[in-house]
Amino acid sequence: MVLKYIQAGKRQVPLFTSDSLHLKANPCQCKDKVSRFPGAVHKSFRSRKEAQDWLACGWIFTATLLDFEFEHGLPHSKASASTSGSGPQTPIVISDDEDGLPKPSRKPTPIIVLDDDDEPPSAAKNSHVAAEPAALDPVPPKPKTAIVLSPEQQTVLNAVRAEKNVFFTGSAGTGKSVLLREIIDHCGGRESETLAITATTGIAAVGAQVMLIKNLVQGQLVNGSIGKVVKFSTLSELAQDDPAMGEEKDGVFRPDSNRSSLPSRAWPVVKFINGVERVITPADFEINNAEGKMEARRVQVPLILAWALSVHKSQGQTLERVKVDLRRTFEKGQAYVAISRATTLEHLQILNFEPTKDDDGFDDEMDCEDAIRYYHDF
Ligand SMILES: Nc1ncnc2c1ncn2[C@@H]1O[C@H](COP(=O)(O)OP(=O)(O)OP(=O)(O)O)[C@@H](O)[C@H]1O
């Protein structure tokens with residue numbers, strides 16, 4: 001589910017759309033996912049155009065949507081035509097499913113939205129109709145009102161409050177990040193010394209162990225280099241601290257002029273195990289066909305989380321502290337490659353080593369002896 005914000009009067013209204021293929025295939029899920037949040041209202045359209053027409057009016061009555069029924073594709077007051085803007089911001093879902101709601105039979109009428117903090121526009125005091133649709137704001141501010149947790153979210157937070165260990169998961173848009181923010185607040189906020197936040201769903205966080213997945217500087221920063229994210233900084237901040245950090249070099253820090261957001265956004269600064277500390281900005285990944293013609297191109301920060309590595313990926317690495325799990329070695333020499341990553345025997349731990357594991361034709365015992373000899377010769 002995709003969240004967008006629309007400007008309704010002076011207020012930002014959160015708006016969910018079922019842009020994900022998954023939800024398109026299962027439209028009911030969209031409704032389920034929204035109606036579980038207190039105060040949320042589901043609104044469905046049969047086509048994207050219909051939804052866009054509805055949105056084009058630019059004004060949506062958010063404050064008391066629960067008192068409204070959707071008629072002719074627009075909220076229509078069941079009760080008095082009060083326009084007082086109280087209550088939390090109400091998420092509205094736009095989905096392409098057909099759930100029996102009537103189609104608009106006429107051009108949507110603009111409806112006024114009132115902000116809690118603002119006086120109603122004078123022209124709107126006695127009417128729901130606004131003269132002009134409001135423009136969409138591309139940069140939504142954070143919602144001002146506090147979120148009321150859903151029962152599931154509250155259950156998890158209560159468990160955290162009771163100092164229980166929790167593991168929570170859920171499909172896209174089910175409120176995990178919001179819940180995590182609440183848990184962080186409960187634990188004293190991000191600045192708290194007793195709280196360590198690692199990484200949520202694949203997002204690199206400070207302290208996260210990461211691997212570079214592109215060759216950036218030959219022999220220095222290559223595909224497979226391991227490091228730790230030490231901070232996030234904009235290129236201009238880095239250039240102020242250390243001009244060399246923001247420099248364009250070997251294509252590493254070259255901001256693409258088409259990507260105007262690059263200089264202003266904060267990017268991960270990674271300290272690699274070879275001591276090099278670099279900011280890592282998005283890089284191009286291209287797939288070419290046999291004639292060398294580009295078939296696909298993707299731009300992404302060339303880092304992945306790397307709390308663990310496959311033996312193949314570790315080849316060529318020198319690692320200070322290594323824990324090797326040999327349970328599923330399947331290729332001759334694999335165990336040797338894995339355990340010879342460590343720089344000292346003291347900093348190597350081997351799990352699931354079986355000296356008798358030779359019935360598959362791979363001599364792990366031999367591999368380990370080779371490795372021990374390697375350390376002694378070192
Ligand atoms: N209790 C709530 N009340 C109102 N809105 C909520 C609530 N919980 C989450 N939301 C809204 O639902 C949207 C999705 O929430 P969130 O980003 O936390 O989901 P998620 O599970 O982390 O999604 P993803 O897995 O895609 O990252 C957000 O816009 C968030 O503000």
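Because only heavy atoms are used, hydrogens play no part in the values below, and waters and symmetry mates are left out as well, while side chains stay in. No experiment lies behind these values; they were computed from the predicted model shown. As the structure lists them, so they are numbered: ligands from 1, and atoms in each ligand from 1.
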Would you find more than 12 non-hydrogen atoms of other residues, nucleotides or ligands less than 6.0 Å from Arg161 atom CZ?
-> yes
So [Y] and [X], do their side chains get closer than 4.5 Å, heavy atoms only?
| X | Y | value |
| --- | --- | --- |
| Leu149 | Val178 | yes |
| Leu351 | Arg327 | no |
| Ile339 | Val322 | no |
| Leu319 | Thr343 | no |

Show the atoms of ligand 1 that are less than 4.0 angstrom away from any heavy atom in [X].
| X | result |
| --- | --- |
| Thr174 | 19 (O), 20 (P), 21 (O) |
| Val178 | 8 (N), 9 (C), 10 (N), 18 (O), 30 (C), 31 (O) |
| Val148 | 1 (N), 2 (C), 3 (N) |

Can an N or O of Gly170 be found at a distance shorter than 3.5 Å from an N or O of ligand 1?
-> no
Is Ser150 near ligand 1, meaning one of its heavy atoms is under 4.0 Å from it?
-> yes
Of Gln154, Glu182, Gln153, Glu152, which has the heavy atom at the shortest distance from atom 8 (N) of ligand 1?
-> Gln153
